[in-house]
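Before any comments, here is the structure.
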Amino acid sequence: MGVTRVLLIKGLKDTNVAHYFLTFHERITSQFSNRQSKAWHISTKLFRDNRDKNAIPKFINSLVFSDDVNKVYCLANEVMIEAEHELETILSKLKNLWAIKQGVKFEGYSYNIGDFIIRTVDAREKGMLVEVEYLPTTHPHAASSILTDFIDLIMPKDADIVQGDQKGDNSYTKVGLSEETFTRIHAAYQYMTLFKSESLL
């Protein structure tokens, strides 16, 4: 596990998203000769507290990566937690306590390119989600400029890009995560902040 940055390529209203997604896939596989690609996806569910429908609703957002299916990452009461995947199964069965408000599976590809892994998923009419991971370090500050340069290299020049902002209200410390050492749960939180800010769910 290295340091990742998750972003959304949007502004595709006048473009067929599936075609754009395929074009990006072809561009990556042709631009880099030393690469391996494979199918990849993320699954996310939004659970709503079902106990008191007159109260302010409480939610649990869960996320599972296809390359780490034994783990589930959840945002609940402004705290990020990592648990065994069985937790999501338990929540799904507790229908009197928690109701699944929405569930989405985003499908795409992952590419191994030297020190980097690129993961892409089709976000339907919203655009395309791209996760870029830099493997040699787990320190966000050390990876920041390297990630920026690599993202500039692979992104289409006319792309309208939105990045998750892990500062202020969306800071890692606000949800109980370290600012100094990056783990997979940090990547999950980046996805969740984009889901919320860009209304992907």
Step-by-step salt bridge (charged side-chain N to carboxylate O under 4.0 Å, His left out) determination, E198 to K10: CA-CA 10 Å; E198 300 302 315; K10 57 186 300 187; 3.0 Å; yes

Gap between atom CE of M1 and atom OG1 of T183 - 0.5 Å precision: 7.0 Å

CD1-CD distance between I42 and E131, expressed to the nearest 0.5 angstrom: 8.0 Å

Main-chain N/O of F182 paired to H139 side chain as donor or acceptor, under 3.5 Å: no

Backbone N/O of S144 and side chain of R5: donor-acceptor pair under 3.5 Å: yes

Between NZ on residue K45 and CG on residue L63, distance to nearest 0.5 Å: 11.5 Å

Under 3.5 Å: donor-acceptor pair, side chain of H186, backbone of S178: yes

From I161 atom CD1 to I9 atom CD1, the distance as rounded to the nearest 0.5 Å: 5.5 Å

Heavy-atom closest pair, residues T181 and P140: N-CD, 4.2 Å

Nearest heavy-atom neighbours spanning V6 and A187: CG2-O, 4.2 Å

4.5 Å side-chain heavy-atom contact, K58 and F47: no

I185 backbone acceptor or donor facing E82 side chain under 3.5 Å: no

Note, L129 side chain near L8 side chain (heavy atom, < 4.5 Å): yes

T44 vs Y191 side-chain heavy atoms within contact, under 4.5 Å: no

Shared hydrophobic cluster, V79 / L91 (ILVMFWY, side-chain heavy atoms < 4.5 Å): yes

Derivation and outcome, side chain to side chain contact (heavy atoms under 4.5 Å, CB included), residues M155 and V130: CA-CA 10 Å; M155 286 296 108; V130 180; 4.1 Å; yes

Derivation of the side chain to side chain contact (heavy atoms under 4.5 Å, CB included) call for W98 and D49: CA-CA 5 Å; W98 296 97; D49 187 340; 3.7 Å; yes

Verdict with reasoning, K71 to E84, per salt bridge (charged side-chain N to carboxylate O under 4.0 Å, His left out): CA-CA 5 Å; K71 298 290 184 183; E84 298 301 313; 2.9 Å; yes

Worked check of side chain to side chain contact (heavy atoms under 4.5 Å, CB included) between S66 and E107: CA-CA 10 Å; S66 66; E107 297 183 290; over 6 Å; no

Residue pair I146, D115: steps toward the side chain to side chain contact (heavy atoms under 4.5 Å, CB included) verdict: CA-CA 11 Å; I146 296 171; D115 287 338; over 6 Å; no

Hydrophobic cluster identity match, L194 and V132, side-chain contacts under 4.5 Å: yes

Shared hydrophobic cluster for W40 and L135 (ILVMFWY, side-chain gaps under 4.5 Å): no

Nearest non-hydrogen partners of S62 and M192, listed with the distance: C-CE, 4.1 Å

Donor-acceptor contact present, side-chain Q102 to main-chain L46, <3.5 Å: no

I28 reachable from F150 in the ILVMFWY side-chain graph, under 4.5 Å edges: yes

Minimum heavy-atom distance between A143 and T137, given as atom pair plus value: CB-CG2, 3.8 Å

Verify same cluster id: L87, V69 (apolar side-chain graph, 4.5 Å): no

Pairwise side-chain contact, F116 with Y134, heavy-atom cut-off 4.5 Å (strictly under): yes

Spatial distance of atom OG1 (T4) from atom CZ (R184) [nearest 0.5 Å]: 6.0 Å

From I117 atom CD1 to D67 atom CG, the distance as rounded to the nearest 0.5 Å: 7.5 Å

Any side-chain heavy-atom pair of Y73 and Y189 under 4.5 Å: no

Nearest non-hydrogen partners of S199 and K126, listed with the distance: O-CE, 3.3 Å

Minimal non-hydrogen separation, C74 against I60, with atom names: CB-CG2, 4.1 Å

